[in-house]
Amino acid sequence: MVHYGHSNQLRQARAMGDYLIVGVHTDEEIAKHKGPPVFTQEERYKMVQAIKWVDEIAPGAPYVTTLETLDKYSCDFCVHGDDITLTIDGKDTYEEVKTAGRYRECKRTQGVSTTDLVGRMLLMTKAHHSNIDEDLDYRKHTDNFGKGPKGHSPWTGVSQFLQTSQKIIQFASGKEPQPGDTIIYVAGAFDLFHVGHVDFLEKVHQLAEKPYIIAGLHFDQEVNRYKGKNYPIMNIHERTLSVLACRYVSEVVIGAPYAVTADLLDHFRVTLVCHGMTEVVPDKDGSDPYEEPKQRGIFQLVDSGSNLTTDLIVQRIIKNRLEFEARNQKKEAKELAVLEAMRRLEQEKQ
């Protein structure tokens with residue numbers, strides 16, 4: 001997957017240098033080392049390119065980063081998170097570049113991982129974003145999900161993300177609208193931020209010469225009202241960071257009202273309101289949430305050309321359910337084996 005945890009690592013990496021090239025693996029390479037990919041390579045190339053800290057992508061990058069790879073792209077060093085990545089035979093993927101002193105590390109984002117998100121989708125229970133006691137089925141399942149036969153790896157498993165104002169500041173553009181900017185408002189859940197969202201925002205971005213896009217994100221309860229089941233998969237804090245990381249978005253309204261009101265339009269001096277081709281569910285009182293912008297003649301439907309929705313992603317996961325559960329347990333077992341080896345080395349030193 002591509003999620004805000006990755007965006008946060010790319011943000012840190014970009015701050016270590018002047019130009020960031022991101023190597024993205026093919027589906028084949030991921031299937032070999034990790035298990036089935038959630039997004040196809042084309043989707044992942046497009047999503048990574050849309051992250052605002054990325055200068056360039058290297059499609060089809062090898063799973064093991066060698067000095068040859070770094071030289072090919074004229075890179076001084078490579079950056080990876082402080083979790084361990086292992087090849088299919090359990091070796092450290094970054095051994096060669098570490099030895100050559102061309103490796104830097106950034107911090108992993110606590111509380112999010114592909115494993116965790118896949119787990120939430122497989123469970124489709126409301127427990128993952130509510131404060132109520134988790135039902136036993138959920139707890140039992142999370143216990144199986146990130147765990148192999150023994151123990152628990154600190155890098156894989158279900159944990160909760162804690163939002164801080166610092167994180168929002170790090171992700172925010174901090175740019176105010178400038179004179180001559182076209183202020184465009186879009187609203188939605190933007191759940192499990194994916195290539196369908198990227199395609200839509202890119203199209204909206206192309207509507208003006210100097211676009212300033214404000215994305216209104218609905219609170220979790222609101223999304224649950226119109227989406228049902230246990231949506232959203234990601235809570236409001238996670239969705240905020242996901243959207244802020246996108247290069248086409250200038251500002252986010254955290255917990256926007258469902259109806260696009262006159263107050264909102266006047267406050268942000270909005271010149272255009274856009275919506276994709278997905279269904280617009282009426283407001284609680286049965287009214288059209290876009291009534292006001294329509295009356296003002298500033299409402300526009302935008303066809304992203306993509307049919308990918310959060311629902312479809314969840315369906316992909318459920319279809320491959322058994323493969324994904326096996327993927328997570330295999331990953332966990334590999335990580336635990338390394339921890340054990342590291343422990344043994346420590347003991348031998350003593």
Side-chain angles (χ1 to χ4, degrees), residues 1-14 17 19-75 77-98 100 102-106 108-109 112-118 121 153 155-156 192-196 198 242 245-246 308 313 316-317 320 323-324 326-335 338:
M1 284 184 78
V2 181
H3 53 67
Y4 67 93
H6 300 128
S7 302
N8 191 37
Q9 289 185 319
L10 297 175
R11 176 188 68 77
Q12 294 173 71
R14 181 66 178 75
Y19 193 86
L20 178 65
I21 300 175
V22 182
V24 186
H25 306 313
T26 59
D27 293 343
E28 191 184 359
E29 195 80 323
I30 293 174
K32 182 173 139 193
H33 292 275
K34 282 185 155 187
V38 178
F39 297 142
T40 67
Q41 59 201 44
E42 294 307 323
E43 288 168 345
R44 288 181 291 105
Y45 296 157
K46 194 153 195 180
M47 285 186 70
V48 173
Q49 192 66 77
I51 294 169
K52 62 183 172 188
W53 297 287
V54 176
D55 294 299
E56 190 187 320
I57 66 160
Y63 193 75
V64 177
T65 304
T66 59
L67 294 171
E68 192 190 347
T69 312
L70 293 187
D71 292 339
K72 180 183 171 184
Y73 292 100
S74 312
C75 292
F77 57 88
C78 68
V79 182
H80 190 262
D82 55 4
D83 57 330
I84 199 150
T85 56
L86 306 166
T87 59
I88 196 161
D89 45 14
K91 284 199 183 75
D92 180 352
T93 327
Y94 289 90
E95 202 168 353
E96 186 182 322
V97 287
K98 281 179 181 173
R102 290 171 71 180
Y103 174 84
R104 308 270 191 287
E105 213 157 68
C106 61
R108 244 189 118 270
T109 310
V112 65
S113 63
T114 298
T115 309
D116 169 33
L117 292 170
V118 166
M121 288 183 267
S153 158
W155 299 300
T156 303
L192 278 181
F193 196 74
H194 55 72
V195 79
V198 169
S242 304
C246 178
L308 191 67
I313 294 167
R316 284 182 189 181
I317 301 276
N320 295 320
E323 276 182 81
F324 277 112
R327 164 202 187 276
N328 285 3
Q329 293 196 356
K330 199 166 75 185
K331 188 165 180 280
E332 185 95 12
K334 266 202 313 193
E335 287 166 359
V338 167

Participant: Examine distances only and state if a side-chain atom of Arg44 and a backbone atom of Phe39 form a donor-acceptor pair shorter than 3.5 Å.
Facilitator: yes
Participant: How close do Thr93 and Leu86 get, heavy atom to heavy atom, and via which atoms?
Facilitator: OG1-N, 3.4 Å
Participant: Hey, is CD on Glu68 packed in by over 12 heavy atoms from elsewhere, all under 6.0 Å?
Facilitator: no
Participant: Would you please test Ile57 and Ile21 for side chain to side chain contact (heavy atoms under 4.5 Å, CB included) and show each step?
Facilitator: CA-CA 5 Å; Ile57 66 160; Ile21 300 175; over 6 Å; no
Participant: Check whether any side-chain heavy atom of Val24 sits under 4.5 Å from a side-chain heavy atom of Met47, and report yes or no.
Facilitator: no
Participant: Looking at His80 and Glu105, would you say the former's side chain and the latter's main chain have a donor-acceptor pair under 3.5 Å?
Facilitator: no
Participant: Quick check: closest heavy atoms across His25 and Tyr63, and the distance to 0.1 Å?
Facilitator: CE1-CA, 3.5 Å
Participant: Can you list the residues that meet the side-chain contact (heavy atoms from CB on, under 4.5 Å) rule with Ser242, with sequence neighbours excluded?
Facilitator: Tyr4, Phe193, Met234
Participant: For side chain to side chain contact (heavy atoms under 4.5 Å, CB included), just list the numbers for Met121 and Ile313, CA-CA rounded to whole Å, side-chain angles, deciding distance to a tenth of an Å, and then say yes or no.
Facilitator: CA-CA 9 Å; Met121 288 183 267; Ile313 294 167; 4.0 Å; yes
Participant: What distance do Glu96 atom CD and Arg102 atom CZ have between them, rounded to the nearest 0.5 Å?
Facilitator: 9.5 Å
Participant: Taking atom NZ of Lys98 as the centre, does the number of heavy atoms from other residues, nucleotides or ligands within less than 6.0 Å exceed 12?
Facilitator: yes
Participant: Any chance you could measure Leu10, atom CG, to Lys52, atom NZ, to the nearest 0.5 Å?
Facilitator: 12.5 Å
Participant: Taking the side chain from Glu29 and the backbone from Gly60, do they hold a donor-acceptor pair closer than 3.5 Å?
Facilitator: no
Participant: Any side-chain heavy atom of Leu192 within less than 4.5 Å of one from Met1?
Facilitator: yes
Participant: Sequence neighbours left out, what passes side-chain contact (heavy atoms from CB on, under 4.5 Å) with Arg14? Give chain and number order.
Facilitator: Leu20, Trp53, Asp55
Participant: To the nearest 0.5 Å, what is the distance between OG1 (Thr26) and OH (Tyr45)?
Facilitator: 6.0 Å
Participant: For the residue pair Ile317 and Val38, establish whether any side-chain heavy-atom pair is separated by less than 4.5 Å.
Facilitator: yes
Participant: I need the minimum non-hydrogen distance between Gly23 and Ala61, along with the two atoms involved.
Facilitator: CA-CB, 3.5 Å
Participant: So do the side chains of Phe77 and Val97 get within less than 4.5 Å of each other, counting heavy atoms only?
Facilitator: no
Participant: Could you tell me whether the side chain of Arg104 and the main chain of Ala13 form a donor-acceptor pair under 3.5 Å?
Facilitator: no
Participant: Where is the tightest heavy-atom contact between Val195 and Leu308, given as atom of each residue plus distance?
Facilitator: CG1-CD2, 3.5 Å
Participant: Start with the C-alpha distance between Val112 and Asn8, add both sets of side-chain angles, then the distance that settles side chain to side chain contact (heavy atoms under 4.5 Å, CB included), and finish with yes or no.
Facilitator: CA-CA 11 Å; Val112 65; Asn8 191 37; over 6 Å; no
Participant: For Arg11 and Cys106, run side chain to side chain contact (heavy atoms under 4.5 Å, CB included): C-alpha distance rounded to whole Å, both residues' side-chain angles, the deciding distance at 0.1 Å, then the answer.
Facilitator: CA-CA 9 Å; Arg11 176 188 68 77; Cys106 61; over 6 Å; no
Participant: Starting at CD of Gln9, measure out to CG of Asp82 and round the result to the nearest 0.5 Å.
Facilitator: 7.5 Å
Participant: Calculate, to the nearest 0.5 Å, the distance between atoms NZ and CD belonging to Lys46 and Gln41 respectively.
Facilitator: 14.5 Å
Participant: Can you label the angle between the Tyr103 ring and the Tyr94 ring as parallel, tilted or perpendicular, going by 30° and 60°?
Facilitator: tilted
Participant: Got Arg108 and Ser113 here, is their nearest side-chain heavy-atom distance under 4.5 Å?
Facilitator: yes
Participant: Between atom OG1 of Thr109 and atom NE2 of His6, what is the distance when rounded to the nearest 0.5 Å?
Facilitator: 9.0 Å
